[in-house]
Amino acid sequence: MDWWIPMSKEKRKFIQQWLFSHKNFLVYIVFILCLWLIFGFAFNALEWMLYLILLVLIFSGLFLASWCVKDFLQYKKIKKNPNWKELLQSEKVWTKSEQFLLETLEDYASQLAQTEFQQREAYKEQLDYYTMWIHQIKTSIASSQLLIQALPTLPEKSPLEQELIKITTYTDFVLHYVRMETFHQDLVLREHSLDSIIRQILKKFATFFIYKNLRLSYESIDQVIVTDAKWFSVILEQILLNSIKYTDKDGQISIYLDGSYLCIQDTGIGIAKSDQQRIFERGFSGFNGRMNYHSSGLGLYLSNEIAKNLGLELSVESVVGEGTTLKILLQQNKLDTRV
């Protein structure tokens, strides 16, 4: 039982408060025992009276201990009740022992509120720091982009452009990751052309397709969706980057609409069946990630979290050695628009 766990500070405080709230009863017992002791002296029956006093002390101690245990268990039960404050303020519970409970739990509530406030402040400071860091590093990225554009056409120019795009994408990824907790404060839902969003991303990653000689199969998609274009683009960028990363030269990437699904299909190395159920878990990189030491296991996790908040659903179909198709269910019946 909970009572027999080694004495904690909370338990000691409760016993002290409980004894204090029952001091009149304890004084009454002591008074009766003293009278019996006096009678024993007066009538020369001290030995018999001492036995009686000992029995009374034993049974009284057991009675008081069980009473205290019962009250303590009630205290723990009320403490676990989410409506403990309303419960304590009801006429049924208002005793001196419960007053101690109220004071203790109000102290806990105050400490919890203080902890939550400190956590919010720490998160705000962290977000401000990352935001400032990203804006500063983007200045350097923009300068690097101008320098690369000024370079003559050399074999090394394309890899430099690709690495710069990766740096830009991963830098934005950091900001999106830390902003997930305040996702709905940054949400702007409007109608967007799906074709327009896809083409912007394809234009951004065009140099990857050229460098790896990847074939692109894409026909204009005439569909309008209600979404946040910035967050939806994060999903597509992460998926497309993975397809490019794990598809060998001269491979093919196809983007098409299959019913309610937007599909991104590649002819890459594929995903092991044992990994397919876990690729959206945070930090899970699977066999492919272990082969590629630069994989963090966060890209698809972030994409899946964003998708859920946008009312979308991600799924994967893959065969090792043949390729992977990642699907985005565009039916937004569960769109979460909390603010």
Q.
Please determine whether residues Y256 and F205 belong to a single hydrophobic cluster, defined as Ile, Leu, Val, Met, Phe, Trp and Tyr linked transitively by side-chain heavy-atom distances below 4.5 Å.
A. no
* For F209, look at atom CZ and say whether over 12 heavy atoms of other residues, nucleotides or ligands are found less than 6.0 Å away. => yes
Hits for ring pair (Phe, Tyr, Trp, His ring centres under 6.0 Å) against F63, two or more places apart or cross-chain, chain-then-number order -> W67
The reported gap from OG in S196 to CZ in R199 (rounded to nearest 0.5 angstrom) is 9.0 Å
Rounded to the nearest 0.5 Å, the OG1 atom of T115 sits from the CD atom of Q118 at a distance of 5.5 Å
Closest heavy-atom pair, S303 versus Q238, reported as atoms and distance to 0.1 Å, is OG-CB, 3.2 Å
Review point. Any chain of hydrophobic side-chain contacts (each under 4.5 Å) joining L62 to L54?
Key: yes
Quiz item: Any chance CD of Q277 has more than 12 other-residue heavy atoms, nucleotides or ligands included, within less than 6.0 Å?
Solution: no
Would you say that T168 contacts D172 through its side chain, given a criterion of any heavy-atom pair below 4.5 Å between the two side chains? yes
Output for pair (L329 CG, L262 CG), nearest 0.5 Å, gives 10.5 Å
Notebook entry, point to check: Side-chain heavy atoms under 4.5 angstrom apart, residues restricted to Ile, Leu, Val, Met, Phe, Trp, Tyr: same cluster for V56 and V27?
Noted result: no
How far apart are the C-alpha atoms of I235 and L314, what are their side-chain angles, what is the distance that settles it, and do they pass the side chain to side chain contact (heavy atoms under 4.5 Å, CB included) test? CA-CA 10 Å; I235 299 173; L314 301 187; 4.3 Å; yes
Residues at least two apart in sequence or cross-chain that pass salt bridge (charged side-chain N to carboxylate O under 4.0 Å, His left out) with D248, listed by chain then number, are none
For residues 203-227, the salt bridge (Lys or Arg N to Asp or Glu O under 4.0 Å) pairs (sequence neighbours left out) are K204-E237
So CD of E313 and CD1 of I328: to nearest 0.5 Å the spacing works out to 11.5 Å
* **Sub-4.5 Å side-chain heavy-atom contact between I255 and I198** => yes
task: Check whether any side-chain heavy atom of F232 sits under 4.5 Å from a side-chain heavy atom of I225, and report yes or no.
output: yes
The reported gap from CG in D258 to NZ in K327 (rounded to nearest 0.5 angstrom) is 5.5 Å
Review point. If you measure only the distance, is there a donor-acceptor pair under 3.5 Å linking the side chains of S274 and Q276?
Key: no
**Under 3.5 Å: donor-acceptor pair, side chain of S318, backbone of G323** = yes
Within the structure provided, determine whether T324 and I264 are in side-chain contact (heavy-atom separation under 4.5 Å). no
Rounded to the nearest 0.5 angstrom, the CD1-CG distance for I239 and L300 is 7.0 Å
Task: Quiz item: cation-pi between K249 and Y211, 6.0 Å / 45° - done: yes
Paired with L240, the side-chain contact (heavy atoms from CB on, under 4.5 Å) test is passed by just one of L326, I253, D266, namely I253
**Message:** Are there over 12 heavy-atom neighbours, none belonging to K70, within less than 6.0 Å of that residue's NZ?
**Reply:** no
*L19, F31: one ILVMFWY side-chain cluster at the under-4.5 Å cut-off?*
yes
| message | Hydrophobic clustering (ILVMFWY, side-chain heavy atoms < 4.5 Å, transitive) - are V224 and I201 grouped together? | response | no
Do other residues, nucleotides or ligands put more than 12 heavy atoms under 6.0 Å from the CD atom of Q114?
yes
Can you check whether Q252's main-chain N or O pairs, donor with acceptor, with T267's side chain at less than 3.5 Å? yes
Less than 4.5 Å apart, side chain to side chain, heavy atoms only: is that true for F208 and E161? no
